Amino acid sequence: MMNSQPIQGYLYVINYAEGEESLCKLEMKVLFGEDLTDKYLFSKVDIDPSRSVFIKERLTILYRHETYEGLYEQVKEHPLSYETFKCLFLRFKGQTIDYKERLERLKKIGFLIGGEADMYHPKQLLGLTELNGEWFFGTLEPNSNEWVLHENKPHSYSFSLSVRVSRAIANLAVGRDFSKRIIDPCCGAGTVVLEVLTIGGTIVGNELNPKVAFKAEENLKHYGYENVVQVGDIQDIQEHYDLAIIDLPYGHFNPIAPEIQQMIMNEARRIADELIIVTQVKMEEQLKVAGFEMIDQCEVVKGKFVRYITRCR
C-alpha cells in the first residue's frame with residue numbers, strides 16, 4: 001500500500017570490518033559529501049543502501065520528535081498502512097532503553113499501523129529508534145548484500161582486489177554522477193568492472209593478456225552483463241574517459257620495473273581526467289610526475305599487508 005507521509009531525510013547505519021575504516025570514511029565522504037564521525041549518518045541524500053558494503057541499513061525518516069510521546073501522536077494523527085509489516089528497534093551505542101521498554105514502545109506504535117503484523121515474511125519493515133535526544137520512525141531498508149554473490153565468480157586470482165574493496169572503489173569512482181565514462185585499463189579478471197556495472201556505472205575494461213580478458217568476459221556473462229572488456233595495451237587506447245581505475249601491477253610472479261609502473265600512470269593521465277589508483281606504497285611523487293594532483297587517500301589493512309587507494313585529478 002502507498003503512503004503519502006513526506007520524507008524528512010535518511011538515517012544510514014554504518015559498519016565496517018577491521019582495517020577498512022579509512023576506506024569506509026572516504027566512501028561516505030564521496031557519496032554524502034560529509035565526514036563520518038560515528039557508525040551512523042543523517043543525510044538528505046538518497047543512496048541505495050545496497051550500493052555499499054558499509055551501509056548496514058537505511059531508515060527513511062517519516063516522523064521525528066524530541067519525545068516518544070510526541071512521535072506516537074504524530075503517527076496516530078497520520079498513520080501508515082501496509083499489507084503486512086514488522087517493526088524493529090534500531091540500537092546504537094549509548095542508548096539506555098532496556099529490552100522490555102523497547103518491546104513495549106514497538107508494540108504500542110505497531111498498533112497504529114494499518115495492515116497485518118508479520119514477524120517472519122513482512123512486505124514492509126519499519127524502524128523505530130532514539131538517537132541524540134530525538135525519536136525517529138519510518139520505513140527500514142536493509143542492505144541486500146548482493147555483492148556477496150560476486151565472491152563466487154567463475155574466475156579470480158589470489159592477488160586480486162577483494163569484492164568488498166572493489167565495491168568501495170566503484171563507489172569512489174561513480175559517486176553520485178552516473179554519467180561518468182570510466183575505464184579500467186589493466187582490468188585483469190574484471191573484479192572492479194563488475195562492481196561498477198552492478199551499481200549502475202558506465203565502464204569499459206582493457207586487458208593486455210587475451211586469456212585473462214576472456215576470463216573477465218566469462219565473469220561478466222555469469223552475472224548477466226554483456227562483455228565490456230577489450231584486449232590491448234594501455235598505450236594503444238585512443239578514447240578519452242572521465243576517470244580511470246588502476247590496481248597498479250606489482251609483479252606477483254615477475255618483477256615489474258618502476259619505469260613500467262610510471263608508464264602506466266603516464267598513460268592513465270593521457271586517457272583520463274581523473275584517476276583512482278591502488279598501490280602497495282605511497283606514490284605521490286610518481287603521480288605528480290605523471291601530471292596528477294592527489295585529492296585524497298585512504299588505506300586498507302589486512303594483517304601486515306597495506307593497500308593505498310588514492311584519488312587524483
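Keep in mind it's a predicted model, so treat the numbers as computed, not measured.
Across all their heavy atoms, Ala213 and Val231 have their closest contact at CB-CG2, 3.6 Å. Among all heavy-atom pairs drawn from Ile264 and Ile234, the shortest one is O-CD1, 3.9 Å. The two residues Ala216 and Gly190 come nearest to each other via the heavy atoms CB-N, 3.8 Å.
Note that CG of Leu248 is 8.0 Å distant from SG of Cys186, once rounded to the nearest 0.5 Å. The line from CG of Asp273 to OH of Tyr241 is 12.5 Å long, rounded to the nearest 0.5 Å. Atoms CG and SG, on Leu126 and Cys87 in that order, are 4.5 Å from each other to the nearest 0.5 Å.
Remark: of the listed residues Gln286, Glu285, Glu284, Glu285 is the sole one forming a side chain to side chain contact (heavy atoms under 4.5 Å, CB included) with Lys288.
Taking the side chain as every heavy atom from C-beta outward, Arg269 and Leu275 never approach each other to under 4.5 Å. Side-chain contact between Thr198 and His150 is present, with heavy atoms from C-beta onward closer than 4.5 Å. When side chains are defined from C-beta on, Arg51 counts as touching Val174, because their heavy atoms get closer than 4.5 Å. Looking at heavy atoms from C-beta onward, Asp247 lies in side-chain contact with Arg307 at the 4.5 angstrom threshold. Using a 4.5 Å heavy-atom threshold, the side chains of Gln297 and Tyr308 count as touching.
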Show the atom names and distances, to 0.1 Å, of all donor-acceptor pairs under 3.5 Å that link a side chain in residues 30-42 to residues at least two apart or in another chain.
| residue | atom | partner | partner atom | Å |
| --- | --- | --- | --- | --- |
| Lys39 | NZ | Asn15 | OD1 | 3.3 |
| Tyr40 | OH | Asn132 | OD1 | 3.3 |
| Tyr40 | OH | Asn132 | ND2 | 3.2 |

Show me the side-chain donor-acceptor pairs of residues 68-80 shorter than 3.5 Å, one per line, residues at least two apart or across chains.
| residue | atom | partner | partner atom | Å |
| --- | --- | --- | --- | --- |
| Tyr68 | OH | Arg105 | O | 2.7 |
| Gln74 | OE1 | Arg64 | N | 3.4 |
| Gln74 | NE2 | Arg64 | O | 3.2 |

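Other residues, nucleotides and ligands contribute more than 12 heavy atoms inside 6.0 Å of the NZ atom of Lys180. The number of heavy atoms from other shown groups lying within 6.0 Å of OH (Tyr99) does not exceed 12. By the 6.0 Å contact criterion, OH on Tyr223 is enclosed, its count of non-hydrogen atoms from other residues, nucleotides or ligands being greater than 12.
Ser160 meets the side chain to side chain donor-acceptor pair (under 3.5 Å) test with no other residue; sequence neighbours excluded.
Tyr10 and Leu59 are members of different hydrophobic clusters when ILVMFWY side chains are connected at heavy-atom separations under 4.5 Å.
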